[in-house]
Amino acid sequence: MGFRQGALLATVCFLFGVLLACFTIDYRVLFETLTEDVVEDGFQYYRTFYNAPPGIKALLHGLMGIGVVTIIAKIHRWDESAMFFDGGSLVAFIFAIAMYTTVTIPAIQTVVAPVEGVDTRQDQVEAMRVLSAGNTLMMALLGGILALQGGQEWARRLEARELAKIAAEEAKVQQAAKKDQ
């Protein structure tokens, strides 16, 4: 595994961990009975998340940028492995970023800072459910990237093993040919 793949895996794992921390609330919002306690816990959690210091938000956005840059750097070595595994990873990462910008940001703004006279409490609850669903989908996309990168490394090792077997067989044939001469 090279530097680019390591940087990509570290980035994706960090972002996956952030979403996994959110999943403690998302699971309750999506898959359990939605009680007033669950709603208040969700509001409090996302209020804290939204009001995090700017450095935290910059770190998240910077890691998203690093992820895209490392995938593009991996694709630059255009071979079949890069085309399929890294290309699929790039598509999944772009979809995750698109979901973040189009679903997560507006939904968390509705949950934390609703527009007075427009957003009702029911709108806030629905926005939190949409936010939870979007986070779960982003976790699936990031998990797909991890699976693709793992598959790429497995394929590389399998190919190297098979090439070594072929080279060993060719060496045996050449040695046998030399003995026969």
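What's counted below: heavy atoms across the whole structure, side chains too, no hydrogens, waters or symmetry copies.
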Derivation and outcome, salt bridge (Lys or Arg N to Asp or Glu O under 4.0 Å), residues E153 and R157: CA-CA 6 Å; E153 187 63 27; R157 290 180 184 185; 3.2 Å; yes
CA sep, side-chain torsions, deciding dist, call: F23, N135, side-chain contact (heavy atoms from CB on, under 4.5 Å): CA-CA 8 Å; F23 195 67; N135 286 348; over 6 Å; no
Working for side-chain contact (heavy atoms from CB on, under 4.5 Å), residues R129 and L34: CA-CA 10 Å; R129 294 184 95 171; L34 198 61; 4.0 Å; yes
Check against side-chain contact (heavy atoms from CB on, under 4.5 Å), F93 and I72: CA-CA 11 Å; F93 207 86; I72 291 171; over 6 Å; no
Stepwise salt bridge (Lys or Arg N to Asp or Glu O under 4.0 Å) check, E162 with K165: CA-CA 5 Å; E162 291 300 318; K165 283 181 186 178; 3.8 Å; yes
L163/E159 under side-chain contact (heavy atoms from CB on, under 4.5 Å): CA gap, chis, key distance, verdict: CA-CA 6 Å; L163 288 174; E159 181 183 22; 4.0 Å; yes
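Clustering ILVMFWY residues whenever any of their side-chain heavy atoms sit less than 4.5 angstrom apart, transitively, puts F84 in the very cluster that holds L90. F43 is connected to V130 through a chain of hydrophobic side-chain contacts under 4.5 Å among Ile, Leu, Val, Met, Phe, Trp and Tyr, so both are in one cluster. Taken together through direct or relayed side-chain contacts under 4.5 Å among Ile, Leu, Val, Met, Phe, Trp and Tyr, V18 and V12 form part of one hydrophobic cluster. Under the 4.5 Å side-chain heavy-atom criterion for ILVMFWY residues, no single connected hydrophobic cluster contains both V69 and L146. Put simply, V103 and I105 are part of the same group of oily side chains (I, L, V, M, F, W, Y) that touch within less than 4.5 Å, one to the next.
When every heavy atom of G134 is checked against every heavy atom of M99, the shortest pair comes out as O-SD, 3.4 Å. Smallest separation of non-hydrogen atoms from Q149 and S89: NE2-OG, 2.8 Å. Heavy-atom minimum distance, A7 versus T70: CB-CG2, 3.7 Å. Pairing each heavy atom of Y46 with each of V112, the nearest pair is O-CG2, 3.5 Å. Considering all non-hydrogen atoms of both residues, I66 and T11 come closest at CG2-OG1, 3.6 Å. Nearest heavy atoms, I145 versus A92: CG1-CB, 3.7 Å.
The cationic group of K57 lies under 6.0 Å from the six-membered ring centre of Y50 and within 45° of the ring axis, placing it in a cation-pi geometry.
To the nearest 0.5 angstrom, I97 atom CD1 is 6.5 Å from M64 atom CE. Rounding to the nearest 0.5 angstrom, the gap separating the OG1 atom in T136 from the CG atom in L131 is 9.0 Å. Taken from CZ in R161 to CD1 in I166, the straight-line distance is 13.0 Å, to the nearest 0.5 Å. The NZ atom of K172 lies 12.5 Å from the CD atom of E170; values are rounded to the nearest 0.5 Å. Of the inter-residue distances, the one linking F95 atom CZ with L141 atom CG reads 8.0 Å to the nearest 0.5 angstrom. Taken to the nearest 0.5 Å, the CG atom of D79 stands 10.0 Å off from the NZ atom of K74.
M139 pairs in a side-chain contact (heavy atoms from CB on, under 4.5 Å) with only one of the listed residues (D26, L19, L15), which is L19. Between M128 and the choices V111, D123, I108, the side-chain contact (heavy atoms from CB on, under 4.5 Å) rule is met once, by V111.
Identified under the side-chain hydrogen bond (donor to acceptor under 3.5 Å, both in side chains) test for residues 94-115, with sequence neighbours left out: H61-Y100. Within the structure, side-chain hydrogen bond (donor to acceptor under 3.5 Å, both in side chains) contacts touching residues 31-43 (residues at least two apart or in different chains) are R28-D41, E36-R121, E40-R121.
Ring-plane geometry between Y27 and F31 is classed as tilted, the angle between the planes lying from 30 to 60 degrees on a 0 to 90 degree scale.
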